S.K.: 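This is the structure, below, for whatever I ask next.
Values in this document were obtained by computation on a predicted structure and should not be read as measured data. Start at 1 and go down the list; that is how both ligands and their atoms are numbered.
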Amino acid sequence: MRMTNGQVAVITGGASGIGYGLAETLADRGVRLVLSEIREEGLDKATASLAAAGAEVTAVVADVSDEASVRALADRTIAAYGRVDLVCNNAGVVSPPAPLWEQQARIWELMIGVKVLGVVHGVKAFAPLLIEQGTGHFLNTASSGGLAPLPDLTPYTTTMHAVVGLTETLDQELKRVAPGLGATVLCPGLVDTPLGQNSVALGAIDLQAGAPAALRNAAMRDAAAHFGAKLTPRAVAESAITAIEAGRVHVAPGSDVAERARARVTSLLADIAAG
Ligand SMILES: NC(=O)c1ccc[n+]([C@@H]2O[C@H](COP(=O)([O-])OP(=O)(O)OC[C@H]3O[C@@H](n4cnc5c(N)ncnc54)[C@H](O)[C@@H]3O)[C@@H](O)[C@H]2O)c1
């Protein structure tokens, strides 16, 4: 699907990082925005700076883990613009670094609620609108952690793998309905965003007194070991829009991502071939 002047895009988790990068990139193409976010203060600031740069933007506070909240977001979108062309299910948090056997049930519930059900709620609320139009696209943000293992982040990687599988299947389901419908999953390597700080603010990472520096250092060490240089949110957004326009189901920017995905797929195929 071409992204052009006058279209409408909804972006969840749009106040910061990759979501904000998507908003800037789409606004530059004349796309009208519904910027959605759970942190109201962040949303106000992001909306003001996009509007100051000339974007047409409607701000909606919504929690993607709450189905009614996302349904209300869809209603607000139609009330504001009467249509929707691109739905970016992007909101997310990261889990604290620890091996699987030390991860808390509370963190699993939060990650599944935001990352998996958040995307499901977005699809359920907006798919009927796209189907009625006969055209439209979903961009679901996962991670390179959805294409290959990332030790010490199982609640994160599990939900990201789910978003990859969900999107691949969704794309086929949508294409069965109309060729103008589709879905793309975004799987970047490490991106320069305040994901860690926002995850602390939203309670996904529970820092004990005295632990922050150690935890942050451990997380950074782990991340640096897995990923190459940090990407900018803007570069990630440009890659995502290019992939949507090319009709690709996957987009995975980052110098190290192909190598990690290849290692997983090679080992998977070898195991299958071995019977
Ligand atoms: N930063 C990275 O290195 C990286 C790499 C790969 C994938 N990702 C994924 O990209 C997505 C965006 O993350 P980011 O790095 O831009 O971080 P970010 O913290 O800058 O942006 C995420 C936004 O989502 C919002 N959010 C969190 N929970 C929400 C909820 N329940 N409802 C609505 N909004 C909510 C946050 O407030 C925040 O503004 C996430 O899904 C993340 O997992 C990030």
S.K.: In this structure, does ligand 1 have an atom that sits under 4.0 Å from one of the heavy atoms of Y20?
M.R.: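 The answer is no: ligand 1 sits nowhere under 4.0 Å from a heavy atom of Y20.
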
S.K.: Please state whether L190 comes within less than 4.0 angstrom of ligand 1, counting heavy atoms only.
M.R.: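 In this structure, L190 qualifies as a contact of ligand 1 - some heavy atom is under 4.0 Å.
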
S.K.: Of the choices A252, S36, G92, G203, which has the non-hydrogen atom that lies closest to atom 22 (C) of ligand 1?
M.R.: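 That would be G92.
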
S.K.: Is any side-chain heavy atom of L73 less than 4.5 Å from a side-chain heavy atom of F126?
M.R.: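 Yes, side chains in contact.
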
S.K.: Under 4.0 Å from a heavy atom of S143: which atoms of ligand 1 are those, numbered in the order shown and with their elements?
M.R.: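 This gives 6 (C), 7 (C) as the contact atoms.
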
S.K.: N/O of V64 under 3.5 Å from N/O of ligand 1, yes or no?
M.R.: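 N/O-N/O distance under 3.5 Å: yes.
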
S.K.: Run the numbers for me: atoms of ligand 1, each under 4.0 Å from some heavy atom of G189, listed by number.
M.R.: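 Once the distances to G189 are compared, the set is 3 (O), 5 (C), 6 (C).
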
S.K.: Please check whether R39 reaches ligand 1 - meaning an N/O of the residue sits under 3.5 Å from an N/O of the ligand, judged on distance alone.
M.R.: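 Checking ligand 1 against R39, an N or O pair does fall under 3.5 Å apart.
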
S.K.: If you count the atoms of ligand 1 from 1 in the order shown, which ones are under 4.0 Å from a heavy atom of N198?
M.R.: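 Counting atoms of ligand 1 from 1, those under 4.0 Å from N198 are 18 (P), 19 (O), 20 (O), 38 (C).
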
S.K.: Is ligand 1 less than 4.0 angstrom away from at least one heavy atom of M160?
M.R.: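 Yes; M160 lies near enough to ligand 1 that a heavy-atom distance drops under 4.0 Å.
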
S.K.: Examine ligand 1 and decide if any of its atoms is less than 4.0 Å from a heavy atom belonging to L202.
M.R.: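 In this structure, L202 qualifies as a contact of ligand 1 - some heavy atom is under 4.0 Å.
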
S.K.: Numbering the atoms of ligand 1 from 1, which are under 4.0 Å from a heavy atom of K115?
M.R.: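 Once the distances to K115 are compared, the set is 41 (O).
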
S.K.: Any idea which atoms of ligand 1 are less than 4.0 Å away from a heavy-atom of D63?
M.R.: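 The list of qualifying atoms is 30 (C), 31 (N), 32 (N).
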
S.K.: Out of P188, C88, G19, A142, who is nearest to atom 9 (C) of ligand 1 when you count heavy atoms only?
M.R.: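 Nearest option to atom 9 (C) of ligand 1, by heavy atoms: A142.
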
S.K.: Any sub-3.5 Å donor-acceptor pair from K115's side-chain atoms to A91's backbone N or O?
M.R.: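 Indeed, once roles are kept as given, a pair shorter than 3.5 Å links the two residues.
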
S.K.: Please identify which atoms of ligand 1 are closer than 4.0 Å to at least one heavy atom of Y156.
M.R.: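 Contacts of ligand 1 toward Y156, numbered from 1: 6 (C), 7 (C), 8 (N), 9 (C), 42 (C), 43 (O), 44 (C).
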
